[in-house]
Protein chains: 2
Amino acid sequence: MSITGSIKGRSSGKATLASVAAHAGVSAMTASRALNQPDRVSDAVRARVALAVAELGYVPNRAARALASAQSNVIVVLVPSLSNAVFTAVLEGIQDAIGSGNYQLLIGNTRYSDAEEEKLLGIYLQSNPDGILLSSLSHSARVTQMLAACGVPVVSMMDLAGAPGQLSVGFSQCDAGHAMTRYLIDKGHTRIGFIGAQLDERTLRRADGYRKAMGEAGLLDARLELMVGDPSSIALGAELLQRMLAQAPDCEAVFCCNDDLAHGAIYQCQRRGIAVPQQLAVCGFNDLPASAWMTPSLTTIDTPRYRIGFEAAGLLLAAIAGETPPATQIDLGFTLMARESA
Amino acid sequence: MSITGSIKGRSSGKATLASVAAHAGVSAMTASRALNQPDRVSDAVRARVALAVAELGYVPNRAARALASAQSNVIVVLVPSLSNAVFTAVLEGIQDAIGSGNYQLLIGNTRYSDAEEEKLLGIYLQSNPDGILLSSLSHSARVTQMLAACGVPVVSMMDLAGAPGQLSVGFSQCDAGHAMTRYLIDKGHTRIGFIGAQLDERTLRRADGYRKAMGEAGLLDARLELMVGDPSSIALGAELLQRMLAQAPDCEAVFCCNDDLAHGAIYQCQRRGIAVPQQLAVCGFNDLPASAWMTPSLTTIDTPRYRIGFEAAGLLLAAIAGETPPATQIDLGFTLMARESA
DNA sequence: CTGAAAGCGCTTACAG
DNA sequence: CTGAAAGCGCTTACAG
């Protein structure tokens, strides 16, 4: 009939492992075992502890566990954007790979900002994560230093790492940019424009691939490049198409660094009465759902974003477990989707 | 010249508050104050502690702080989807409202599943959150019970709560569905179809509004309703449009429960040579970015999703701080965007 | 298969 | 403005 737990002091009033143990008539550590290593406890004890847990409404305290075990079961994920469907797909892949394990995801949105990345990482490191998933290969000096200092496994997503030993999952953004440009060249185009926005690492690598292909064909011309730092959007794509045509009126094809911009470019063509692809070929990058459905359907690069998240999380889990992964780098490739617009 | 910290035992080897304090020549609790309540410490001490922190690369241990203070500084957010742009906008609003406070967001994706919601909540409750943000008004009995048992403030987003005392931020999904239907009726349409997918709480309320308006006008007809549980997508919208026309060939207008379905419906009309809005009016819900740009532009309801997240987080923060909010319910309204498609 | 003791790294009253 | 002691709720070696 006596109340279990401290009468006074800082206790929360909630059931604790100790109260569960008392209720079940075992020691705290046996109660702990019954919950975390059920095989190492007798059937009777396991049942009594389970009953106590149910009757007391016991909820384990994760902070206490993390402190005592020096294992947080936390995985940090940093993505540059949440409004970009590419990264939400990556997150879904990660969530599916983490599955019903006991890991907790700490999802940070860096908004394409190095300063924000530093700030978020600083805060998340206080949770002593077991591993970290990043969306870029290069980072500020401070971030690089924090990553090294914390000493936990890191996997970079989206592109492939150049440096050996660095774990990465993705595909060559440069090769994909090259392949799309080559496709346009093979179609007979010589005046091929490149429209880039945000100018994040991935866009810059795609632009590298574009320049490489144009250079190889002797078609390079700086006036065919239109690069702005603003965030990508349909509206921006519409605006940039106008600017591209003003800047290079003889442009025959436009390679947009992502589908949002390409959609905007095509909508703009429709409004201005420019026939796609007859007067102007337009292509994008990522293959968002609308791309296959719009008229004309959009020629673009299908990217394995969901799988990138899934495989990256798998690789990280393996690294956390101390396994030596079969490879430090996983190339998931890309697919050129040739459709009506180019 | 002696090494600070324990020689042996379970210590992590990382700098602790104790080692910082020793390095600065103060007690641990003075070091703690220097970091958390800098005003209550002398300038000299503050400077010495700051120096020690820098030299040792000290990173506070959040688990220890949470355990000692019984305050996690964690806020749990549960959304039904990450691929739905509506909820990523809600998340961005929340992130902006939380800002640079010391709160940590635990973002869970329930995938429109009650079972998943239960599971996630059970795990997240182990982190002793200070508050919870939910995307629905109604939940499974088990979730309702867990919510009550944990005793922390909860704010429901998207729709407005019926029950008094329940904190909610959003707009009346039913009223919005009613307004859109009424708009179509006022345009002279009598055979107005409703296409719904996923059949989550919000869609069902919009359907309620549709039925109410149709009923008021004496136009109700079950054959005009097409409701399926599949996840919304452009492809599904295209398919459901076909089914709607097969089921109700005399249909003059179609109200899609969200823009993704509406986009798919319009693309399907284009492929089948059905003129929108002349032969068939189509409207959607949410006003996604593409809706204003596509041809024809989409008539839809603009929903304040970013602000819902922002205001909900603000309300939750106030509740956590123990303030009595000016209102338990914040109605952010909606705007009907009349465009070309209907 | 089970347990008594110590400790994880902080913060909270309580003093002075 | 500063500090010695206790405690948050769990897990880790170490025994038996």
Side-chain angles (χ1 to χ4, degrees), chain A residues 4-49 52-53 56 58-73 102 125-128, chain B residues 4-49 52-53 56 58-73 102 125-128:
Chain A
T4 305
S6 58
I7 310 289
K8 158 181 207 191
R10 295 198 267 146
S11 85
S12 57
K14 291 181 187 169
T16 65
L17 226 213
S19 66
V20 167
H23 199 86
V26 297
S27 71
M29 56 168 309
T30 295
S32 173
R33 272 200 209 91
L35 296 175
N36 301 314
Q37 311 169 65
D39 304 334
R40 309 195 47 180
V41 123
S42 70
D43 291 354
V45 164
R46 201 181 319 124
R48 266 187 295 148
V49 170
V53 164
L56 266 36
Y58 171 66
V59 177
N61 183 322
R62 207 171 176 106
R65 169 192 256 271
L67 187 58
S69 69
Q71 244 232 327
S72 63
N73 276 358
N102 199 22
L125 249 24
Q126 301 183 355
S127 295
N128 270 310
Chain B
T4 306
S6 58
I7 311 288
K8 159 181 208 191
R10 292 197 269 146
S11 87
S12 58
K14 290 181 186 168
T16 65
L17 226 214
S19 65
V20 166
H23 198 86
V26 297
S27 71
M29 54 167 311
T30 296
S32 173
R33 274 200 207 91
L35 296 175
N36 300 315
Q37 313 171 64
D39 304 334
R40 309 194 48 181
V41 122
S42 70
D43 291 353
V45 163
R46 201 181 316 125
R48 266 187 295 150
V49 170
V53 165
L56 267 35
Y58 171 65
V59 177
N61 183 322
R62 208 173 174 105
R65 169 192 256 272
L67 186 57
S69 70
Q71 243 233 326
S72 63
N73 277 359
N102 199 23
L125 250 24
Q126 300 183 354
S127 295
N128 269 309

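- The two residues A/Thr16 and A/Tyr58 have their closest heavy-atom pair at C-CE1, 3.5 Å.
- For the pair A/Ala63 and B/Val41, nearest-nucleotide mapping onto DNA chain D gives the more 5' position to B/Val41.
- Considering only the side chain of A/Ser27, C/dA4 comes nearest among C/dT11, C/dC8, C/dA4.
- B/Asn102 and B/Arg62 get closest at one heavy-atom pair: O-NH2, 2.8 Å.
- A/Arg62 comes within 4.0 angstrom of no nucleic acid atom, judged by non-hydrogen atoms across all strands.
- Following rounding to the nearest Å, B/Arg40 (CZ) and C/dA15 (P) show an atom-to-atom distance of 16 Å.
- Distance from the side chain of A/Ala68 is smallest for D/dC10 among the nucleotides C/dC10, D/dC10, C/dT11.
- Close to D/dT11, at under 4.0 Å from its OP1 or OP2, lies a side-chain N or O of A/Ser32.
- The residue among B/Val59 and B/Met29 whose nearest nucleotide of DNA chain C is located toward the 5' end is B/Val59.
- Residue B/Lys14 contributes atom NZ, which lies 15 Å from atom P of C/dC8 at whole-angstrom precision.
- Proximity of a side-chain donor or acceptor of B/Ser19 to a complementary backbone N or O of B/Ala15 within less than 3.5 Å is not detected.
- Per the geometry, CG belonging to A/Asn61 stands 16 Å off P belonging to C/dC10, to the nearest Å.
- Of the candidate nucleotides C/dT11, D/dG9, D/dG3, D/dG3 has the atom nearest to the side chain of B/Arg33.
- Between A/Val45 and A/Arg33, every side-chain heavy-atom pair lies at or beyond the 4.5 Å cut-off.
- Remark: P of C/dC8 and CG of B/Leu67 are 13 Å apart, rounded to the nearest angstrom.
- Nearest to the side chain of A/Thr30, among C/dG7, D/dG7, C/dT2, sits C/dT2.
- Note: CG (A/Leu17) to P (D/dC10) measures 5 Å, nearest angstrom.
- Applying the Watson-Crick and G-U wobble criteria (two distances, each under 3.5 Å), C/dA4 pairs with nothing in any strand.
- With D/dG3, C/dT11, D/dT11 as the choices, the nucleotide that has an atom nearest any side-chain atom of B/Ser69 turns out to be C/dT11.
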Show your reasoning for whether side-chain hydrogen bond (donor to acceptor under 3.5 Å, both in side chains) applies to A/Lys14 and A/Asn61.
CA-CA 10 Å; A/Lys14 291 181 187 169; A/Asn61 183 322; over 6 Å; no
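- As rounded to whole Å, 14 Å separates atom P of D/dC1 from atom CZ of B/Arg48.
- Per the geometry, CD belonging to A/Gln37 stands 15 Å off P belonging to C/dG3, to the nearest Å.
- Distances shown here put a side-chain N or O of B/Arg65 below 4.0 Å from the OP1 or OP2 atom of C/dT11.
- Of the candidates D/dC1, C/dG9, C/dT2, C/dG9 carries the atom nearest the B/Thr16 side chain, counting heavy atoms from C-beta on.
- Side chains of A/Arg48 and A/Val41 form no contact here, defined as non-hydrogen atoms less than 4.5 Å apart.
- In this structure, the CD atom of A/Gln126 is 15 Å from the P atom of C/dG9, given to the nearest Å.
- Between A/Asn36 and D/dT11 there is a side-chain N or O to OP1 or OP2 distance below 4.0 Å.
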